[in-house]
Amino acid sequence: EPALAVAAPIWTPGAAAGGEEFLLSPGTLTRLGTLKLVVPLTVAEATAAAVFRDIALIVFAAAAIVIGLVMLLLRGVLAPVRDMMSGIARIAAGRYDVSVPARTRDELGDLARSVNAMSLELARTTVSKEYVESVLENMFDLLLVTDVEGRIRTLNHAAAEALGDGKLIGRPIGSLF
């Protein structure tokens, strides 16, 4: 069984023949014997283990509480960011009627208001691809679209009727003149 043992010499003052001199005393001391104290450590070790267990439980509980609070805080902070990302994705897909909620008066709120203003401006000034294609397809003038190398990529209905649709795509525009 583990134990704590302490041994201490017992001295008595006096001038005895063959006595040992104590280095810091003014005279000669006689050693009477040694006092040994032994205390079992079982109780101390059990107490130390209980204290360690209690401290570990407190640390783990505090860590769990802190992690929970951080998760709630992040959830509250990230919710407006998720809403903004969702709104921006819808705007990018061509839905300009989207409004991102601006719940706060901080930088995120300013950003949400700016995204809303951009969406309104895009809705006011942007026409759909289908509208432009419809206008180009139904116009009476011939329209040929070429790539940077001068090859015909697309043409409208009037150009197809006048020049022949299937044979022009991919040809150089210079071959028509």
Side-chain angles (χ1 to χ4, degrees), residues 2 4 40-177:
L4 173 65
L41 292 179
T42 308
V43 175
E45 286 177 340
T47 302
V51 167
F52 179 78
R53 184 187 68 241
D54 291 346
I55 290 173
L57 287 174
I58 290 170
V59 167
F60 287 133
I65 290 170
V66 167
I67 289 172
L69 290 174
V70 166
M71 294 299 286
L72 286 174
L73 181 65
L74 282 176
R75 191 171 171 190
V77 168
L78 294 180
V81 174
R82 278 192 299 272
D83 291 344
M84 194 168 318
M85 288 172 50
S86 172
I88 290 171
R90 289 182 296 197
I91 292 169
R95 293 201 41 218
Y96 304 125
D97 61 334
V98 172
S99 177
V100 176
R103 300 179 185 136
T104 61
R105 298 195 182 274
D106 59 1
E107 291 82 2
L108 283 176
D110 292 342
L111 182 59
R113 285 184 282 283
S114 295
V115 167
N116 290 337
M118 177 189 69
S119 177
L120 288 173
E121 186 65 18
L122 284 170
R124 191 179 66 75
T125 60
T126 304
V127 294
S128 71
K129 178 182 176 186
E130 292 81 18
Y131 175 77
V132 171
E133 287 175 349
S134 173
V135 168
L136 295 176
E137 187 62 32
N138 292 310
M139 61 190 256
F140 293 113
D141 294 327
L142 286 100
L143 175 69
L144 301 168
V145 178
T146 64
D147 59 16
V148 294
E149 296 172 357
R151 288 188 306 258
I152 299 171
R153 304 303 291 169
T154 59
L155 57 142
N156 70 349
H157 185 68
E161 282 186 8
L163 303 173
D165 180 21
K167 301 174 184 148
L168 295 177
I169 303 296
R171 285 183 49 195
I173 189 80
S175 67
L176 296 178
F177 304 107

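Just so it is clear, the values below take in all heavy atoms, side chains as well, and ignore hydrogens, waters and symmetry mates. We count residues from 1, following the sequence as given.
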**Asked** Between S86 and R82, is there a donor-acceptor pair closer than 3.5 Å when you use the side chain of the first and the backbone of the second?
**Response** no

**Item:** Atom pair CG (D97) and CG (L122), whose distance is rounded to the nearest 0.5 Å
**Value:** 12.0 Å

**Any donor-acceptor N/O pair, S114 side chain to D110 backbone, under 3.5 Å** = yes

**Prompt:** What do you reckon, is CZ of R153 surrounded by more than 12 foreign heavy atoms closer than 6.0 Å?
**Reply:** no

**Message:** Using a 3.5 Å distance criterion without hydrogens, assess whether the side chain of T146 forms a donor-acceptor pair with backbone atoms of R151.
**Reply:** no

**Prompt:** Side chains of L163 and L155: closer than 4.5 Å at any heavy-atom pair?
**Reply:** no

**Asked** Which atom pair, heavy atoms only, marks the closest approach of N156 to E137?
**Response** CA-OE1, 3.8 Å

**Message:** Taking CE in M118 as the centre, count heavy atoms belonging to other residues, nucleotides or ligands within less than 6.0 Å. Is the count above 12?
**Reply:** yes

**Message:** With a 3.5 Å distance limit and no angle check, can you tell me whether N116 reaches the backbone of V100 through a side-chain donor-acceptor pair?
**Reply:** yes

**Minimal non-hydrogen separation, A159 against L142, with atom names** = CA-CD2, 3.3 Å

**Message:** For a side chain to side chain contact (heavy atoms under 4.5 Å, CB included) check, start with the C-alpha distance between L168 and R171, then their side-chain angles and the critical distance, and finish with the verdict.
**Reply:** CA-CA 5 Å; L168 295 177; R171 285 183 49 195; 3.8 Å; yes

**Item:** N138 side, atom CG; E133 side, atom CD - distance, nearest 0.5 Å
**Value:** 11.5 Å

